[in-house]
Novice: 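Have a look at the structure that comes next, please.
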Amino acid sequence: MASGVKPRVKVPKSASAGDAITIKTLISHPMESGQRKDGDGNTIPRSIINRFTCDFNGENVIDVKMEPAISTNPYFEFEAQVPEAGEYKFTWYDDDGSVYEETKAIAIG
Amino acid sequence: MKLKAMTALCATLAVAAPLAFAGGPDDDTLAIDGEEMVTKTDAPAHMEETGIDTVMSGWHFREDDTQAMQADTFDNPGMIFVDQAVDMWNTAEGSAEKSCASCHEGPDSMEGVRAVYPKWNEEAGEVRTLAMQINDCRTERMGAEPFKYDGTDMTAMEALISVQSRGMPVNVAIDGPAAETWEKGKEIYYTRFGQLELSCASCHEENYGNYIRADHLSQGQINGFPTYRLKQAKLIQQHNRFKGCIRDTRAETYSPGSPEFVALELYVASRGNGLSVEAPAVRN
């Protein structure tokens, strides 16, 4: 179990309908690649976030498959069009089965 | 025709190259979440003999991308550790079952602290760094184990305390009882170390703005420490950086937390008097 995992998201509080907004996400995670060895020569088991998704009102916005070469504390920044007021739901899937979730509401105005 | 175009291209390259490869400081302005920082200012009076009129934050010597990361708190990876330290701040530890919050309330009570450290401690009769003070709290008031001087927990806690003073001018006292330590730090700054016989001044006073191998030399200011270094993907403390520099001169280094490094930290901090506290800064 990876410790100290904490998702953070930055979404504007409001936007005009049809606007493209910038969303920034960051999750603190060691992203252990599975390629490294400890002091005794034993392989440190892989422990990464392997998938990240963002949905808006149930509709998928982005779905990312992640590989061991991605560095610690993965950061994603992307644009999304806002058709209506609603809620963004962000989900990170850990190798160990943990799922981390975060939601952000956005208003039209 | 083709040849002519080539010549024209070469000419353009020749003009552009010195600009593109110059390692000197730029003239950009740093505003963190909209709050403007003082990253260039007149050198403090004690630097009169050094030939430096303007002291500059290391931020000016970095690339635009790196600079931009520091301008937005969300983009700054160092803030992850600040968040972790907030949890630590509120966690009771040790035989006294106290947390930082038990005595100091919120971290915002630490406003202004980073700007004046290292600082003379009358009771202890010594100059103390922020890290020494944190460990003093842990062992004396909390009855807890001290943090490793330049360990992850310590640098995170220093970052949390430092960020409360962000934007305030560095203002360490170098006179009075701290003067002796300051003189010692100054002596270390100008002492040539290692097989390469380099002093701090060889690079950071005489050659800032020039390249050392593939990297720009800054003035070696520490107003942004603890600093998030991209190549290490974690926060790096002043003493850790001193150690790295001295190691690179191929010398045996002092240890983080040693009296020599405490003195050097006071001296180097005083060379940045007037610059804004930027911690946690982002550097490569």
Side-chain angles (χ1 to χ4, degrees), chain A residues 1-15 20-36 38-39 44 46-49 52 54 62 64 66-80 88 90 92 94 98 100-106, chain B residues 31-35 62-91 93 99-100 107 147-148 151-160 163 226-236 240 279-284:
Chain A
M1 173 82 198
S3 64
V5 180
K6 190 175 170 189
R8 294 141 238 252
V9 178
K10 192 176 180 184
V11 177
K13 285 195 171 58
S14 68
I21 56 158
T22 302
I23 296 176
K24 295 174 175 182
T25 75
L26 176 76
I27 187 162
S28 45
H29 195 282
M31 298 291 278
E32 188 58 56
S33 70
Q35 311 269 359
R36 300 198 308 160
D38 65 15
I44 307 171
R46 175 182 134 159
S47 169
I48 67 166
I49 305 259
F52 165 66
C54 169
I62 192 170
V64 186
M66 293 159 75
E67 303 288 354
I70 292 177
S71 70
T72 181
N73 308 329
Y75 172 93
F76 284 101
E77 180 177 329
F78 52 94
E79 288 195 343
Y88 283 99
F90 305 87
W92 293 261
D94 198 311
S98 312
Y100 315 105
E101 285 180 337
E102 178 82 2
T103 55
K104 289 277 174 190
I106 186 163
Chain B
I32 300 178
D33 293 348
E35 188 196 346
R62 303 279 70 106
E63 287 173 4
D64 288 349
D65 288 350
T66 313
Q67 290 184 333
M69 283 177 102
Q70 202 188 319
D72 183 343
T73 320
F74 190 90
D75 291 351
N76 183 340
M79 294 306 286
I80 291 172
F81 301 92
V82 171
D83 281 355
Q84 286 170 2
V86 172
D87 295 340
M88 266 193 284
W89 180 275
N90 294 313
T91 308
E93 270 186 85
S99 68
C100 306
F147 286 141
K148 182 174 176 241
T152 317
D153 290 338
M154 178 61 91
T155 37
M157 187 54 78
E158 282 182 282
L160 172 65
V163 83
T227 284
Y228 186 88
R229 294 197 76 195
L230 298 166
K231 71 170 191 175
Q232 276 148 319
K234 62 174 187 176
L235 286 176
I236 299 299
N240 203 290
V282 183
R283 305 284 188 262
N284 52 358

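Since we're looking at a predicted model, the values are computed, not measured. So you know, we letter chains A, B, ... as the sequences are listed, proteins then strands, and number each from 1.
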Novice: Does CD in B:E63 sit with more than 12 non-hydrogen atoms of other residues, nucleotides or ligands closer than 6.0 Å?
Specialist: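 Count not over threshold, so no.
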
Novice: Counting only heavy atoms closer than 4.5 Å, note whether B:D72 contacts chain A via side chain, backbone, both or neither.
Specialist: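 Side chain only.
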
Novice: Does B:I80 reach the side chain of A:R8, with side-chain heavy atoms less than 4.5 Å apart?
Specialist: yes

Novice: State, to 0.1 Å, how close A:L26 and B:F74 come at their nearest heavy-atom pair, and which atoms those are.
Specialist: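 Smallest heavy-atom distance, with atoms named: N-CZ, 4.1 Å.
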
